[in-house]
Protein chains: 2
Amino acid sequence: MSFTVAPPAPDSTPVDTDTAACCAPASREAIGAADAEKLARSLKAVADPARLRLVSLVAAHADEEACVCDLTEPLGLSQPTVSHHLKVLVDAGILTRDKRGTWAYYRLVPGALDSLAGLLAGL
Amino acid sequence: MSFTVAPPAPDSTPVDTDTAACCAPASREAIGAADAEKLARSLKAVADPARLRLVSLVAAHADEEACVCDLTEPLGLSQPTVSHHLKVLVDAGILTRDKRGTWAYYRLVPGALDSLAGLLAGL
DNA sequence: CCCATAAATTGACATCCATCGATGCGTTGG
DNA sequence: CCAACGCATCGATGGATGTCAATTTATGGG
């Protein structure tokens with residue numbers, strides 16, 4: 001969604017050519033620093049055992065939505081910790097939060113994981 | 001910490017969760033704790049701007065291999081830092097190292113990124 | 001031999017991060 | 001109106017992590 005793989009910078013930076021020292025030159029453009037940082041931020045959100053299990057637990061639920069009370073016990077973590085991880089996943093655009101009454105229901109953002117996986121495979 | 005998170009049982013189908021309290025029950029099994037930790041370790045290796053750019057730079061090279069001397073300057077990081085990141089990527093099975101003479105050439109492990117992406121998308 | 005180069009290792013340091021207990025806020029039910 | 005419940009936030013803390021300067025190791029050339 002927000003990741004533009006194409007480099008927005010037309011290159012005021014002279015991409016060298018002078019060295020040609022030990023290796024072959026680049027055949028295509030690599031990822032830009034800004035895109036790398038953005039992609040890394042998204043990957044960091046998923047690169048945690050607890051958060052991976054949270055995503056999996058939410059995806060495994062029958063109607064693909066789950067409340068915190070259902071996620072705390074199978075993880076073996078305290079309720080504040082689970083809330084923290086869920087907030088990270090929501091901020092990263094992986095999950096959505098929907099508070100109905102006393103409970104907060106989380107569900108997967110459709111295509112979010114696939115988008116991440118696609119960007120990773122297309123490096 | 002009243003109980004250990006990782007059961008000694010093999011990883012395939014460890015838990016049968018009793019039915020939940022407030023929400024719908026799980027329709028399929030979620031990822032196990034051991035698998036989550038292993039996947040998280042691989043994802044952590046890639047969840048860093050510098051390492052993402054390293055992977056991209058290596059992949060972008062003409063013969064898909066690059067030495068440290070070619071990677072230090074475009075990253076804007078010191079040589080020890082680049083060496084450190086490359087070691088992380090090699091340890092994670094993303095890159096391979098091949099020292100020829102004075103130079104060390106790094107290249108992508110075929111299918112490593114796709115495998116990671118597949119595991120991520122299949123959560 | 002000795003020096004120059006390439007890369008890895010070490011040690012130190014600052015920052016980030018996962019985790020918890022305690023607390024606050026909003027909702028539900030009696 | 002008040003107690004109970006679900007969840008978020010706060011503050012603290014121990015451990016992991018990214019970064020660099022200095023040093024070490026290994027290779028090659030004069």
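Just so it is clear, the values below take in all heavy atoms, side chains as well, and ignore hydrogens, waters and symmetry mates. A, B, ... follow the sequence lines: proteins, then strands. Residue 1 opens every chain.
- One atom, CG of A:Asp70, and another, P of D:dC5, lie 17 Å apart when rounded to the nearest Å.
- Put simply, CG on A:Asp91 is 13 Å from P on C:dC17, counting in whole angstrom units.
- Between D:dC7, D:dA21, C:dT19, one nucleotide has an atom nearer to the side chain of A:His85 than all others, and that is C:dT19.
- The 12-atom threshold is not exceeded at NZ of B:Lys38, counting heavy atoms of other residues, nucleotides or ligands nearer than 6.0 Å.
- Listed pair B:Arg51 / D:dG18 meets the phosphate criterion, a side-chain N or O lying under 4.0 Å from OP1 or OP2.
- In this structure, the nucleotide among D:dG18, D:dC7, D:dA22 sitting nearest to the side chain of B:Asp48 is D:dG18.
- Place A:Lys99 and A:Ala47 on DNA chain C by their nearest nucleotides, and A:Ala47 ends up nearer the 5' end.
- Nearest nucleotide to the side chain of A:Thr102, out of D:dC7, C:dT19, D:dG6: D:dG6.
- A close approach under 4.0 Å does occur between a side-chain nitrogen or oxygen of A:Tyr106 and OP1 or OP2 of D:dA8.
- A donor-acceptor contact under 3.5 angstrom links the side-chain atoms of B:Gln79 to the base of C:dA8.
- In this structure, the CG atom of B:Leu43 is 16 Å from the P atom of C:dC17, given to the nearest Å.
- Nearer to the 5' terminus of DNA chain D, by closest-nucleotide assignment, is the contact made by A:Ser83 (compared with the other of B:Ser78 and A:Ser83).
- Residue B:Arg97 contributes atom CZ, which lies 16 Å from atom P of D:dT25 at whole-angstrom precision.
- Rounding to whole angstrom units, CZ of residue A:Arg53 and P of C:dT19 are separated by 11 Å.
- Under 4.0 Å is where a charged nitrogen must lie from a carboxylate oxygen, and between A:Arg100 and A:Glu65 at least one such pair does.
- By the 4.5 Å heavy-atom criterion applied to side chains, A:Val90 and A:Thr96 are not counted as neighbours.
- Atom C1' of nucleotide C:dA7 and atom CG of B:Asp98 are separated by 14 Å, given to the nearest angstrom.
- Residues A:Leu57 and B:Ile31 fail the side-chain proximity criterion, which asks for heavy atoms closer than 4.5 Å.
- Using a 4.0 Å heavy-atom cutoff across all strands shown, B:Arg100 reaches no nucleic acid atom at all.
- A:Leu75 places its CG atom 13 Å from the C1' atom of C:dA18, with the value rounded to the nearest Å.
- The side chain of A:Leu77 approaches C:dC20 more closely than any other nucleotide in the set C:dC20, D:dG18, D:dA21.
- Taking the ring centre of B:Tyr105 as origin, the terminal cationic atom of B:Arg97 falls outside the region bounded by 6.0 Å and 45° from the ring axis.
- Among the protein residues, A:His84 comes within range of the nucleic acid bases, having at least one heavy atom under 4.0 Å from a base atom.
- Between the CG atom of B:Leu52 and the C1' atom of D:dG18 there is a distance of 14 Å, given to the nearest Å.
- Looking at which nucleotide of DNA chain D each of A:Thr81 and A:Lys44 is closest to, the 5′-most match is held by A:Thr81.
- Nearest to the side chain of A:Trp103, among D:dG28, C:dA7, D:dC7, sits D:dC7.
- Under the 4.5 Å side-chain criterion, counting only non-hydrogen atoms from C-beta, A:Thr72 is not in contact with A:Leu77.
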